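Here's the structure, in structure tokens; my notes come after.
Ligands are counted one by one from 1 in listed order, and the atoms in each one are counted from 1 as well. Fair warning: this is a prediction, and the values are worked out from it, not measured in the lab. In what follows, every heavy atom counts, from backbone to side chain, and hydrogens, waters and symmetry copies are set aside.
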Amino acid sequence: MSCILQMGPLSERVQQRLSGHEVLAYWLGDAEALLAEHAGRIEIMLTSARFGCSASLIERLPSLKAICSFGVGHDAIAVEAARARGIPVSNTPDVLNECVADLAFGLIIDSARQLALGDRFVREGRWADANLPLGRRVSGKRLGIVGLGRIGEAVAKRSTGFDMAVRYHNRRPVAGSPYEYEANLLELARWADFLVLSCPGGPQTQKLIDRAVLDALGAKGILINVARGSVVDEPALVAALQEGRLGGAGLDVFADEPRVPAALCELPNVVLLPHIGSATHETRGAMEDLLLDNLDSFLREGRLLTPV
Ligand code: 8YV
């Protein structure tokens, strides 16, 4: 039986499905003592987009054969260090595309039409004395997408329902895409009314959205982030919002989760969510199944189903 190192808590459903395996809980108790006793025996690592896995930890596991991650993002996993050891890494792509794209549109509508702001307005009894300030139309507006991968495609598909024009920015054009490619991110930001971030996290997109991009999006533009907090220069975002150089933001991810800058919490034109893009019963269940199917496939046949 393979010894499995689990990096953080997963659902009770996952733990029940793992009950037939030897699973070591890295996050409980003394991790150093656990590694001192078991490092040489650990063959599989279970982690997630949130828990990740460092290169230094991979180095300490001489018998490690595979890493299976819950989540599509793998920017917190030292994939290159794993590859250098011939250790495959799996994630859980595709099964969450629709829910993350739904949430992106939820953030578009909320940040433009002020749903959360209006709810607080009513609950706080302020309607008796005033009207909520006007919001901005969504239908017929211009949607810029940074990262036309599987989630970005799902976001673009939803634009049809709102009669929106779509353009996207990638490192290179997507062959056969029906959407217009913009090679220059600043030009896309200048054109867009809503700029949706759906690109991977990691060194190649670190602070891709900086002051220049935010200024190009402008005082009537709205930034939507369902990607990673690391993609945005967060202090530059706060300053742009505070100084009125950016019209608003809808954010599901942040640079230092679960900590969110107090300055963002004080701004009325920002919608803040606790990284819930994939957080539905249906999608998290499908992600759990895919995580465990990857594990089972590797234990049975020595191969992962969805390697990154
Ligand atoms: C995570 C995410 O799955 O999949 C991703 O990359 O960002 C989320 O859906 C969730 O935060 C659990 O790690």
Is the ring pair Tyr181/Tyr168 parallel, tilted or perpendicular, if the boundaries are 30 and 60 degrees?
tilted
Least distance between heavy atoms, Pro62 atom then Ala39 atom:
CD-O, 3.8 Å
Sub-3.5 Å donor-acceptor pair from the side chain of Asp252 to the main-chain atoms of Ala104, do we have one?
no
Leu46 and Leu18, any side-chain heavy atoms less than 4.5 Å apart
yes
Distance filter under 4.0 Å, heavy atoms only, around ligand 1 gives Ser48, Ala49, Arg50, Phe70, Gly71, Val72, Gly73, Leu96, Arg228, His275, Ser278, Arg284, Met287
Residue Arg50 excluded, over 12 heavy atoms near CZ under 6.0 Å:
no
Take a 6.0 Å sphere around CZ of Arg123 and say whether it holds more than 12 heavy atoms from other residues, nucleotides or ligands.
no
